[in-house]
Amino acid sequence: MSWTRARSAVVAVAGVLAAAMLAAPADAADPSATQINATFVVDGGHGPVSGPVSFDVQLMATDGYQALPGKPMTLSGRTVGSSTWSVLAHVITDAGGYAAATVSLRYSTQIRWDFAGDADYLPSTMGPYLQEIDPRVSARVSDHNLLRGQRLVVTGRSFPAKPGRRVTLWSGSIPDAFTSPPAPTRLASGYVRADGSYRLTRVFRHPGPRRLFVKVEGGFRNGDGFSNYARIRVR
């Protein structure tokens with residue numbers, strides 16, 4: 001394939017928070033050189049939970065930035081702490097040059113999109129960028145209406161299991177990266193059991209409504225995990 005026939009490609013991902021990435025200018029002596037511009041998706045709040053995560057991509061040509069339909073794309077990933085990349089999905093771009101892949105991730109993972117190139121377009125790679133994955137946390141309260149001095153029991157589970165990690169019960173709002181609500185109040189703490197389960201208790205001395213949530217401490221390959229809110233009233 002001659003350099004005059006080859007056209008470099010650009011991979012772009014539409015997202016909330018954009019970060020530009022530009023490779024070194026293409027060198028005519030190196031037919032594999034590419035130029036890449038990319039925007040990354042960054043989730044707000046406390047991030048995605050473990051489970052299916054969708055990744056969108058658009059493949060475009062640098063000479064005019066026209067969309068490239070019908071091109072094979074590969075989504076690869078490597079778990080934080082690993083040096084080995086694994087193929088997560090193969091997809092084909094649509095008429096607008098877009099493609100999407102949905103994969104299940106248990107741990108925070110570096111993600112990379114690749115286009116292998118063909119007779120008309122040079123190979124192109126976007127990434128890597130980090131997709132943080134938080135553990136999923138369930139929380140069940142023993143009673144939604146309590147008397148002052150009555151013990152509340154909160155039980156639940158972390159998935160994946162996080163044995164030995166600190167688990168805490170809070171009243172207030174889950175911390176958010178984009179807003180500054182009043183700081184939540186910690187009510188109880190303990191540790192996750194080997195099977196991922198936990199049990200927390202609290203006795204309330206003052207009446208009023210409470211909005212509760214549970215936090216499981218993150219670790220090397222996951223961020224902190226948060227449960228959904230549970231609402232109770234103390235009389």
Side-chain angles (χ1 to χ4, degrees), residues 15-17 40-54 77 79-82 102-111 129-235:
V16 178
L17 183 63
F40 303 158
V41 175
V42 176
D43 186 82
H46 51 86
V49 298
S50 58
V53 182
S54 294
T79 302
V80 169
S82 172
T102 299
V103 296
S104 292
L105 301 174
R106 296 184 64 184
Y107 302 106
S108 298
T109 302
Q110 285 188 306
I111 295 296
Y129 67 96
L130 180 65
Q131 178 65 57
E132 292 189 353
I133 299 296
D134 301 337
R136 185 169 62 248
V137 179
S138 64
R140 296 178 297 277
V141 297
S142 58
D143 197 335
H144 291 274
N145 291 283
L146 302 168
L147 297 175
R148 280 177 288 179
Q150 182 180 347
R151 184 182 301 276
L152 174 73
V153 179
V154 180
T155 58
R157 189 177 296 272
S158 170
F159 178 84
K162 295 291 181 180
R165 291 290 179 183
R166 181 175 293 276
V167 54
T168 45
L169 175 66
W170 299 79
S171 174
S173 298
I174 296 172
D176 191 300
F178 297 100
T179 61
S180 299
T185 301
R186 190 171 71 175
L187 304 178
S189 89
Y191 294 92
V192 178
R193 302 183 182 114
D195 63 355
S197 65
Y198 67 85
R199 183 179 186 273
L200 300 170
T201 63
R202 171 75 181 195
V203 174
F204 293 93
R205 303 298 182 185
H206 302 285
R210 306 284 195 284
R211 184 169 70 166
L212 309 178
F213 65 89
V214 171
K215 171 186 171 182
V216 171
E217 181 183 62
F220 173 58
R221 294 190 296 175
N222 285 116
D224 296 334
F226 296 85
S227 72
N228 291 329
Y229 290 114
R231 296 179 183 274
I232 67 169
R233 180 174 292 276
V234 180
R235 296 177 285 119

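Within the 4.5 Å cutoff, no side-chain heavy atoms of Lys215 are placed close to those of Val137. Annotation: side chain of Gln110 is not in contact with side chain of Tyr129 (no heavy-atom distance under 4.5 Å). Using a 4.5 Å heavy-atom threshold, the side chains of Leu212 and Leu152 count as touching. Looking only at side-chain heavy atoms (C-beta outward), Pro209 and Arg231 stay at 4.5 Å or farther from each other.
For the residue pair Tyr191 / Arg166, a side-chain donor-acceptor distance below 3.5 Å is found, with atom types taken as modelled. One side chain, Ser54 or Thr102, offers a donor N or O that lies under 3.5 Å from an acceptor on the other.
Nearest heavy atom pair, residue Leu200 against residue Gly190, reads CD2-N, 3.6 Å. Taking all atoms of both residues into account, the shortest heavy-atom contact from Val234 to His206 is CG1-O, 3.5 Å. Residues Ala161 and Ala194 share a closest heavy-atom pair of CB-O, 4.1 Å. Taking both residues in full, the closest heavy atoms of Thr109 and Thr79 are given as CG2-N, 4.1 Å, listed atom of the first, atom of the second, then distance. Residues Gln131 and Leu105 come closest through the heavy atom pair CG-CD1, 4.3 Å. The minimum heavy-atom distance between Ser138 and Ser227, with the atom names listed, is C-CB, 4.4 Å.
A donor-acceptor pair is defined here as one N or O able to donate and one able to accept, closer than 3.5 Å; no such pair exists between the side chain of Arg186 and the backbone of Pro184. Between the side chain of His144 and the backbone N or O of Arg233 there is no donor-acceptor pair closer than 3.5 Å. Proximity of a side-chain donor or acceptor of Tyr229 to a complementary backbone N or O of Ile174 within less than 3.5 Å is detected. In this structure a side-chain-to-backbone donor-acceptor pair under 3.5 Å is present from Ser108 to Arg221. Between the side chain of Ser171 and the backbone N or O of Thr185 there is no donor-acceptor pair closer than 3.5 Å. The closest donor-acceptor contact from the side chain of Arg106 to the backbone of Ile133 lies at 3.5 Å or more, if one exists at all.
Rounded to the nearest 0.5 angstrom, Leu169 CG and Phe213 CZ are separated by 8.5 Å. Separating the CZ atom in Arg199 from the CZ atom in Arg140 is a distance of 12.5 Å, to the nearest 0.5 Å.
When the options Leu187, Val141, Ile232 are evaluated for a side-chain contact (heavy atoms from CB on, under 4.5 Å) with Arg210, the one that passes is Ile232.
Summarising the local packing, CG of Asn228 is surrounded by 12 or fewer heavy atoms from other residues, nucleotides or ligands at distances under 6.0 Å. The 12-atom threshold is exceeded at CZ of Arg211, counting heavy atoms of other residues, nucleotides or ligands nearer than 6.0 Å.
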